[in-house]
Every structure is written in structure tokens, then in C-alpha cells.
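Heads up: the structure comes next, in C-alpha cells.
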Amino acid sequence: FIRGFSDVSNASSYTSTNSLPVLTFAYERHKNKFLRFGIQLAVGAHKFTKQSYSSYDSAQQSIVLKENILLLHIYGKYALSGNFGAFQPYVTGGIGPQYSNVRSENTLQFINNTNQSILSKSAGRSFGIGILLRAGAEYKISDQLRLMADAGIGPSVVQVGIVYNSGTLK
């Protein structure tokens, strides 16, 4: 999950883990042997954590943020070679809406020999525009099955997957 798509302020100051790896589903149509157009749906979940201590207040603060994200891109994929051999490099570019839902849980625990703590919960939603810019390659196993890998700007930094073709390539 790329932090660039996160709507969490100062995301880089938190420790982060994937709660749900980004799952991407796409549908493509061939325009010609070099160009394909498609639509991509991506979902993912991420957890951000941060802890701090204040000696002045004798308090430990723990922040947990859980973000769910949904992206829908319309894109074009251009094959850098038109021969559709076993190895085919490509570039992809697209744009589309992105939706983010962030839930926050902030715990303030006083450490001065008391078991007092304050728990604050909140949530927020945002909607914006996401950009897709990637470069990668596909490796043809059969007429219907290809392996793919690409990297760049999108719902994840690196994508690895399987492509199934229900028709024949033009």
C-alpha cells in the first residue's frame, strides 16, 4: 500500500502495516496490437500506529489509525513492442476517483501510579482523484494465461499477478 494514496496527515511519522494487501481487479479491451483500455478496481486496508511519552504529564499516548481505501481507475496500456512475443513490456497511465475511510483510536494513559486512561475514538472520510502511472511487463505462458509485474504510482508500489484472457488477442 503506497503511503502517497493515504489521506492520513504525516503518514511517514507513523509505523505502518498492511491490514489487507491491495487487491486489484481489472478488465481490458484491445484497441489494436499496441493499445488497450481498461478499468481497474483496487481495495486495501492499512494500519498506522504511533506512541509517545510526556514526562511533564507522566502520560503515555497511543494512536491507532485504520484506513480502508477504494480506488477506481480508467486507464490506457501501451505495449512497447507490438509482436506479442513471450515477453512484452508496457506503460500504463490512468485517472479515477479514490475513497478513503479512516478510523482513529487515541489512548492517553497516566503513569503516575494511577490506572486512569482516556480513550477517544473518531472517524473521517474523504473522496479525491487518484493517478495511475506504471511501467511493467507481461510474460505469456499460453494464449489465455500471462504473468505480469509492474511498478510505479498506483494503489501499491509493486504489483505482481496473473492475467487471464477469455478471448483471443488481436
Side-chain angles (χ1 to χ4, degrees), residues 1-50 63-104 123-170:
F1 190 83
I2 187 165
R3 290 181 182 197
F5 270 95
S6 176
D7 286 330
V8 174
S9 294
N10 300 320
S12 61
S13 68
Y14 290 84
T15 302
S16 61
T17 57
N18 282 332
S19 304
L20 170 70
V22 175
L23 300 175
T24 303
F25 305 94
Y27 176 77
E28 294 180 351
R29 295 288 295 178
H30 286 78
K31 174 75 173 163
N32 57 42
K33 67 180 184 176
F34 293 103
L35 187 59
R36 295 182 242 169
F37 292 103
I39 187 165
Q40 178 186 66
L41 174 69
V43 294
H46 211 64
K47 181 179 176 182
F48 298 92
T49 57
K50 186 178 191 179
I63 301 171
V64 177
L65 304 174
K66 295 178 182 175
E67 181 178 33
N68 297 324
I69 195 161
L70 175 71
L71 299 108
L72 182 67
H73 291 120
I74 295 172
Y75 65 90
K77 183 183 283 186
Y78 183 78
L80 298 177
S81 66
N83 63 5
F84 288 100
F87 179 77
Q88 182 181 20
Y90 62 84
V91 292
T92 303
I95 193 166
Q98 78 177 37
Y99 170 79
S100 176
N101 179 30
V102 179
R103 293 179 315 279
S104 168
R125 294 184 180 97
S126 72
F127 184 80
I129 298 296
I131 296 174
L132 182 70
L133 293 171
R134 308 184 71 77
E138 292 181 350
Y139 181 78
K140 183 178 176 181
I141 295 172
S142 70
D143 285 341
Q144 281 78 34
L145 194 62
R146 298 185 307 272
L147 299 177
M148 61 80 62
D150 63 21
I153 299 170
S156 61
V157 176
V158 175
Q159 290 186 133
V160 177
I162 298 173
V163 178
Y164 175 75
N165 181 29
S166 61
T168 58
L169 295 177
K170 294 181 181 178

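Here, residue 1 is the first one in the sequence, and each next residue gets the next number.
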Kindly give the heavy-atom pair with the smallest separation between K77 and E138, and that separation in Å.
NZ-OE2, 3.4 Å
Please report the C-alpha distance between L132 and R134 in whole Å, then the side-chain angles of each, then the deciding distance to 0.1 Å, and finally whether the side-chain contact (heavy atoms from CB on, under 4.5 Å) criterion is met.
CA-CA 7 Å; L132 182 70; R134 308 184 71 77; 3.4 Å; yes
Do you know which two heavy atoms are closest between F127 and P97, and how far apart they sit?
CZ-CB, 3.5 Å
Do you know the tightest heavy-atom contact between P155 and T24?
CG-OG1, 4.4 Å
Decide yes or no for D143 and N165: does some side-chain heavy atom of the first lie under 4.5 Å from some side-chain heavy atom of the second?
no
How long is the span from the OG atom in S104 to the CG atom in L65, to the nearest 0.5 Å?
5.0 Å
Throw together a table of side-chain donor-acceptor distances under 3.5 angstrom for residues 38-45, partners on residues two or more places apart or in other chains.
| from | atom 1 | to | atom 2 | distance (Å) |
| --- | --- | --- | --- | --- |
| Q40 | OE1 | H73 | ND1 | 3.3 |

Between CD on residue E67 and CZ on residue R103, distance to nearest 0.5 Å
10.0 Å
Is there a side-chain contact (heavy atoms from CB on, under 4.5 Å) between Y90 and D150? Walk through the geometry before answering.
CA-CA 9 Å; Y90 62 84; D150 63 21; 3.0 Å; yes
How far does CG of L71 sit from OG of S156, to the nearest 0.5 angstrom?
10.0 Å
Least distance between heavy atoms, Y27 atom then Y75 atom:
O-OH, 4.1 Å
Any side-chain heavy-atom pair of L147 and I162 under 4.5 Å:
yes
Sorted by chain and residue number, the side chain to side chain donor-acceptor pair (under 3.5 Å) partners of T92 (sequence neighbours excluded) come out as none
Around I95, counting heavy atoms of other residues, nucleotides and ligands shown, do more than 12 lie under 6.0 Å from its CD1?
yes
Closest non-hydrogen contact found for N32 with L35 is OD1-N, 2.8 Å
With sequence neighbours left out, what residues match F25 under side chain to side chain contact (heavy atoms under 4.5 Å, CB included)?
L23
Looking at NZ of K66 and NZ of K47, how far apart are the two atoms once the value is rounded to the nearest 0.5 Å?
5.5 Å
Only pairs at least two apart or in different chains count here, so list each salt bridge (Lys or Arg N to Asp or Glu O under 4.0 Å) that has a residue in residues 90-100.
none
So which heavy atom on F37 is nearest to which on G76, and how close?
CD2-CA, 4.1 Å
